[in-house]
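Proteins get letters first, then strands, A, B, ... in listed order; numbering begins at 1 in each.
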Amino acid sequence: MAKKRYWLVKSEEDVYPIDTLEADETTPWDGVRNYEARNLMRDEMKKGDLVLYYHSNANPPGVVGVARVASSPYPDPLQFDPESRYHDPKSSEEDPRWILVDLAFEEKFHRKVSLQEIKEHPELQDMVLVNRMRLSVQPVREKEFEVIVGMGCR
DNA sequence: GCCAACGTTGGC
DNA sequence: GCCAACGTTGGC
């Protein structure tokens with residue numbers, strides 16, 4: 001089996017917080033409509049990879065726990081649903097445009113690791129989270145993952 | 001294939 | 001709620 005990789009996903013706290021993921025146990029990571037994020041889910045994420053779970057639009061924003069990639073990639077069903085805000089009329093079942101994976105709850109931190117702490121930590125300066133806005137699925141280095149989990153479990 | 005207009009993300 | 005960043009769309 002390939003070496004495990006690490007990721008970070010953003011979820012709006014008032015839309016799908018980690019407590020809801022914990023209650024659901026597993027959920028399709030639907031509604032992602034950014035090609036770079038899609039490519040990561042489609043091509044790079046592997047079942048069993050660990051994922052930092054970040055609350056955006058929170059006060060303060062930050063990492064609140066860990067999820068796990070729980071499926072192979074498959075088409076986002078919402079793109080075919082005309083009722084959904086994520087409906088994509090340019091996509092088709094034969095040639096689906098939007099691909100996702102399932103995420104499963106892994107653990108909730110004892111405390112939130114805030115964006116501000118991450119920005120201030122010397123070992124986390126190169127994180128995509130710190131350097132780029134607007135990417136809701138992003139890769140994380142093993143060291144960065146360990147540092148943040150260490151902070152959240154302390 | 002350029003680029004202005006537009007829409008969304010997401011911190012503050 | 002504001003607005004900067006920045007990805008996407010569509011006219012040309």
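Checking dG10(C), dA5(C), dC12(B) against every side-chain atom of R134(A), the shortest atom distance belongs to dA5(C). Nearest to the side-chain atoms of R132(A) among the listed nucleotides dG10(C), dT8(C), dG7(C) stands dG7(C).
In this structure, CG of N57(A) is placed 14 Å from P of dT8(B), rounded to the nearest angstrom. dG11(B) atom P lies 13 Å from atom CE of M127(A), rounded to whole Å. One interatomic measurement links the two molecules: CG of N131(A) to P of dT9(B), which rounds to 21 Å at whole-angstrom precision. Rounded to an integer number of Å, the gap from CG of D88(A) to P of dT8(B) is 14 Å. R33(A) places its CZ atom 19 Å from the C1' atom of dC6(C), with the value rounded to the nearest Å. Rounded to whole Å, the distance from CD on Q138(A) to C1' on dT9(B) is 13 Å. As a whole-Å value, the separation of N59(A) CG from dC2(C) C1' is 16 Å. Rounded to a whole Å, the CG atom of L135(A) is 9 Å from the P atom of dG7(C).
For the atom pair CD of E25(A) and OG1 of T20(A), the computed distance is 13.0 Å after rounding to the nearest 0.5 Å. Within the model, atoms NZ of K119(A) and CD of Q116(A) stand 8.0 Å from one another, a figure rounded to the nearest 0.5 Å.
Ion pair R33(A)/D76(A) flagged as a salt bridge, since at least one NZ, NE, NH1 or NH2 atom sits closer than 4.0 Å to an Asp/Glu carboxylate oxygen. Between R5(A) and E44(A), at least one side-chain N (NZ, or NE/NH1/NH2) sits under 4.0 Å from a carboxylate O, which counts as a salt bridge.
In this structure, K10(A) does not reach the dT9(B) phosphate: none of its side-chain N or O atoms is under 4.0 Å from OP1 or OP2. Side-chain N/O atoms of Y54(A) include one lying less than 4.0 angstrom from OP1 or OP2 on dG11(B). Taking only side-chain nitrogens and oxygens, K90(A) comes nearer than 4.0 Å to OP1 or OP2 of dG10(C). Residue K119(A) places at least one side-chain N or O under 4.0 Å from the OP1 or OP2 atom of dC12(B).
Comparing E12(A) and Q116(A) along DNA chain B, the residue whose closest nucleotide (by nearest heavy atom) sits nearer the 5' end is E12(A). The residue among M133(A) and R97(A) whose nearest nucleotide of DNA chain C lies closer to the 5′ end is M133(A).
For the residue pair Y86(A)/D81(A), the side-chain donor-acceptor check at 3.5 Å is not satisfied.
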